[in-house]
Amino acid sequence: MRGGGNVAAERVTSEQSVRAQSRVAGALAQEGIVRGGRVAFLCPNSAGLIAAILGALRTGIVPVCLNPSLLEHERSLLLDDADPGLVVGPRALAGLLDGPEADLAPVPLARPMHYTSGTTGTPKGVWSGVLDETAATALHDDEAEVWGFSADDRLLVASPLHHSAPLRFSAGVLLAGGEVCVLERFDAAAVAETIATFRPTVAFFVPAHLHRLFALGALPPLDSFRLLAHAGAPCTVRLKERAFAAFPTGTVWEFYGSTEGQFTVCPPDDWLARPGTVGRARPRRKLSVDEGTIWCEVPRFARFEYWRDPEKTAQAWRGSAFTVGDLGRLDDDGFLFLDGRRDDLIISGGVNVYPFEVEAALATAAGIDEVVVFGVPDERWGQRVCAAVIGDAGVAAVMSHARATLAAYKCPKDVYVVDDLPRTASGKVRRSAVAGHLGLDVEGGDRG
C-alpha cells in the first residue's frame, strides 16, 4: 500500500511475521551463523526487516542495526568494529526471507546491538550478549508490562528501525499477537493517512514528528489510540499540551532512555502534576543523582557493555548502576527532571551554561515551536551562547523573554530564526551541527 506523499506502508500480522521470522532463522543457519554471532543490517524500514531482526534474535543471533543512509566510509568504520558474520542489505534481506523454516524461541534471546549516535565522539556499540531463557523472558516481560502490549494492538511504525525504541515497540506488539503498519520513512501526510486507514492503537514518535504532524492542520480522528509514546528529545510545554489536546485523554506518555538502557516512564497525570518531568524510575530500576549526573540501577538482564571497549564500559558502570552522562535532578517523590548532557556544556566567561535549561526557558515564549541552544567559539567569552528557533517569534521577542526568565550569563547573545534544523534520521536535532548549518565560524571567535 502507499501512504500520503507516495510513501510506502506495509501491514503485517503477528502470524505473517512469525512465518517470515522462521524463514530468516533457517536462512541464517544455512549461512553458518550460530548462536552469539552477529549479522549487520543496512536496510530501510520494512516489515521484512522487523521479521529478520526478530528471526535472528529468537535463535540467539545478535542483529547489528545500522543506518542504511551511512556514507561508505562511515559504514566501513562501524562494520570493521562490529565484525559481523554477514552483512545484509535490501537484496540479501529478500533472500533471507525466502529461507527454509526453523524453530524459534518464544522470546528474543538477546538485545540488538545498536551504535550510539556519536555526537560526542566515535560511535560505540552497545552489546548485551546472549541471554539464558530466564533472563530473556524477564527482558521481554519488562517491556511488555510497562506498555501493556496485547493481541488487540495495531502499531504504527514511522521512526527508523535502526533505532532501539521503534524496534522495541514493533517486537513487543508482534510478540503479543498484534499487527503493525510500517512506513518506509516519516512523512506527516503519510502518517495522517495511515492513521485514518489503519486506525492504530499504539505509536512511538519523537517530538519533531508531533510538530510536523500538527503542522498539517486538519488531522484524521485520533480516537483509536490507547498509547502515544514519545521520547528521544526534549518536548516543549507548548507541544506537550497540544498533544494532550489532540489525542484521547490519558494516552500521551513520555519516557526517558538511551541506546544503553531505559530509565523512566511518565504517565500523563504525572506530567500534568509536575510539568517538565520525564517521570519516575521504571519497574525494577532505581535512580540516583551524584553531582548532577544521573545513575540508573538496573536488573541483571538489562546490563550491557561497550563493544570491545572495556575502558568506556568501566567508566559507565558503578556496581549495578550505569550512566550515559546525562545531568538531572530528583525531587522528593522520585520524579526526574533533566538538565541536559555534560558533553553539551557551554563554558561562557568561565561559567557553566547548560543548553537544556536555556531551551526549557525559551520554549515557554509565545511563538516558539522548537529551540536548540549551542555554543560557538568566542575570543572574549571562550564560548558564546546562541539559540536557533523555529516558529513565528521574532528575535527581539526571544531576547526579551530570555532576559526576563534567565540570568544574564545564560541568555543567548545571538538568536537565529530558522525553518528547520539539522537532524538525525530519527528526528533528533544534531546540536553539534547547528553552528555549521547556520554558516557560523566554529573554528575561532570572530566576534567580541
Inset, instruction - Please round to the nearest 0.5 Å and tell me the distance separating atom OG1 of T201 and atom CZ of F225. - result: 8.0 Å

Inset, instruction - Inspect the contact between R282 and D142 and indicate whether a charged nitrogen and a carboxylate oxygen are less than 4.0 angstrom apart. - result: yes

Legend entry - Salt bridge present between E254 and K240 (N-O < 4.0 angstrom): yes

Inset, instruction - Please confirm whether R431 makes a cation-pi placement over F374, using NZ or CZ under 6.0 Å from the six-membered ring centre and within 45° of the ring normal. - result: no

Inset, instruction - Give, for atom CD of E241 and atom CH2 of W271, the distance between the pair rounded to the nearest 0.5 Å. - result: 5.0 Å

Legend entry - T59 side chain vs G55 backbone, donor-acceptor pair below 3.5 Å: yes

Legend entry - Worked check of side-chain hydrogen bond (donor to acceptor under 3.5 Å, both in side chains) between Q21 and S17: CA-CA 6 Å; Q21 293 167 38; S17 183; 2.9 Å; yes

Legend entry - Carboxylate-amine/guanidinium proximity below 4.0 Å for K124 and D81: no

Inset, instruction - Would you mind reporting whether D132 and L109 have side-chain heavy atoms less than 4.5 Å apart? - result: no

Legend entry - Between F205 and H230, ring centroids under 6.0 Å: no

Inset, instruction - Take R329 and D339 through the salt bridge (Lys or Arg N to Asp or Glu O under 4.0 Å) test and state the conclusion after the steps. - result: CA-CA 8 Å; R329 50 207 152 79; D339 291 328; 3.2 Å; yes

Legend entry - A387 versus V371, closest heavy-atom pair with distance: CB-CG2, 4.5 Å

Inset, instruction - Side-chain contact test, heavy atoms from C-beta onward, threshold under 4.5 Å: evaluate it for M113 versus C65 and give yes or no. - result: no

Inset, instruction - Check whether any side-chain heavy atom of L183 sits under 4.5 Å from a side-chain heavy atom of N45, and report yes or no. - result: no

Legend entry - Closest contact, heavy atoms only, L210 versus A243: CD1-CB, 4.5 Å

Inset, instruction - Verify, without hydrogens or angle tests, whether R285 (side chain) and P283 (backbone) share a donor-acceptor contact under 3.5 angstrom. - result: yes

Inset, instruction - Answer whether the closest heavy-atom distance between the side chains of I294 and L338 falls below 4.5 Å. - result: yes

Inset, instruction - Measure the spacing between CG of L345 and CG of L327 and express it to the nearest 0.5 Å. - result: 8.0 Å

Legend entry - N/O donor-acceptor pair under 3.5 Å between T277 side chain and R274 backbone: no

Inset, instruction - For residues E101 and S22, report the shortest heavy-atom separation together with the two atoms involved. - result: CB-OG, 3.3 Å

Inset, instruction - Calculate, to the nearest 0.5 Å, the distance between atoms OG1 and CZ belonging to T264 and F255 respectively. - result: 9.0 Å

Legend entry - Flag, side chain of T424 to backbone of K428, donor-acceptor distance under 3.5 Å: yes

Inset, instruction - Kindly state whether the ring of Y256 and the ring of F337 have centres lying under 6.0 angstrom apart. - result: no

Inset, instruction - Carefully, step by step, assess R58 and D103 under the rule salt bridge (Lys or Arg N to Asp or Glu O under 4.0 Å). - result: CA-CA 9 Å; R58 294 177 72 177; D103 291 338; over 6 Å; no

Legend entry - Lys/Arg N to Asp/Glu carboxylate O, R212 vs D187, below 4.0 Å: no

Inset, instruction - Look at E297 together with R284 and state whether they make a salt bridge at an N to O cut-off of under 4.0 Å. - result: no

Legend entry - Heavy-atom donor-acceptor pair, D331 side chain to D333 backbone, under 3.5 Å: yes

Legend entry - Donor-acceptor contact present, side-chain E10 to main-chain A47, <3.5 Å: yes

Legend entry - Aromatic ring proximity Y306/Y115, centre distance under 6.0 Å: no

Inset, instruction - Start with the C-alpha gap between E291 and T293, add the side-chain angles, then the distance that decides, and say whether side-chain hydrogen bond (donor to acceptor under 3.5 Å, both in side chains) holds. - result: CA-CA 6 Å; E291 296 184 350; T293 300; over 6 Å; no

Inset, instruction - Check the pair R303 / W317 against side-chain contact (heavy atoms from CB on, under 4.5 Å), numbers first and verdict last. - result: CA-CA 10 Å; R303 308 282 174 85; W317 286 94; 3.5 Å; yes

Inset, instruction - Look at D153 together with R226 and state whether they make a salt bridge at an N to O cut-off of under 4.0 Å. - result: yes

Inset, instruction - Apply the test side-chain contact (heavy atoms from CB on, under 4.5 Å) to residues L174 and L54: give CA-CA distance (whole Å), side-chain angles for both, the deciding distance (0.1 Å), then the verdict. - result: CA-CA 10 Å; L174 288 172; L54 281 172; 4.2 Å; yes

Legend entry - Straight-line distance of R242 CZ to F244 CZ, nearest 0.5 Å: 15.0 Å

Inset, instruction - Report the relative orientation of the aromatic rings in F169 and F149; use parallel for angles under 30°, tilted for 30 to 60°, perpendicular for over 60°. - result: perpendicular

Inset, instruction - Would you please test F335 and D270 for side-chain contact (heavy atoms from CB on, under 4.5 Å) and show each step? - result: CA-CA 9 Å; F335 286 89; D270 284 352; 3.6 Å; yes

Legend entry - Ring centroid separation W127 to F304 under 6.0 Å: no

Inset, instruction - Flag the pair V88 / L86 as yes when at least one side-chain heavy-atom distance between them is below 4.5 Å, and no otherwise. - result: yes

Inset, instruction - Check whether any side-chain heavy atom of F356 lies under 4.5 Å from a side-chain heavy atom of V358, and answer yes or no. - result: no

Inset, instruction - Look at the side chain of S46 and the backbone N and O of E184, then say whether any donor-acceptor pair between them is shorter than 3.5 Å. - result: no

Inset, instruction - Show your reasoning for whether side-chain contact (heavy atoms from CB on, under 4.5 Å) applies to V389 and V418. - result: CA-CA 6 Å; V389 301; V418 299; over 6 Å; no

Inset, instruction - Please report the shortest heavy-atom distance between T197 and R11, naming the atom on each side. - result: O-NH1, 4.2 Å

Inset, instruction - Decide, yes or no, whether a salt bridge links R199 with E179 under the criterion of side-chain N to carboxylate O below 4.0 Å. - result: no

Legend entry - Under 3.5 Å: donor-acceptor pair, side chain of Q16, backbone of T13: yes

Inset, instruction - Give a yes or no on whether the backbone of L227 and the side-chain of T251 come within a donor-acceptor separation of less than 3.5 Å. - result: no

Inset, instruction - First locate atom CG of L167, then atom CG of L161, and finally report the distance between them rounded to the nearest 0.5 Å. - result: 6.0 Å

Inset, instruction - Could you tell me whether the side chain of P112 reaches within less than 4.5 Å of the side chain of V64, counting heavy atoms only? - result: no

Legend entry - F322 side chain near F263 side chain, heavy-atom distance below 4.5 Å: yes

Legend entry - Carboxylate-amine/guanidinium contact R423 E370, below 4.0 Å: yes

Inset, instruction - Spell out, as yes or no, whether a donor-acceptor pair under 3.5 Å connects the side chain of R35 to the backbone of G60. - result: no

Inset, instruction - For P200 and S224, work out which heavy atoms get closest and say how close. - result: O-OG, 2.6 Å

Legend entry - R300, CZ: over 12 other non-hydrogen atoms inside 6.0 angstrom: no

Legend entry - Over all atoms of both residues, closest heavy-atom pair of A40 and L79: CB-CD2, 3.6 Å

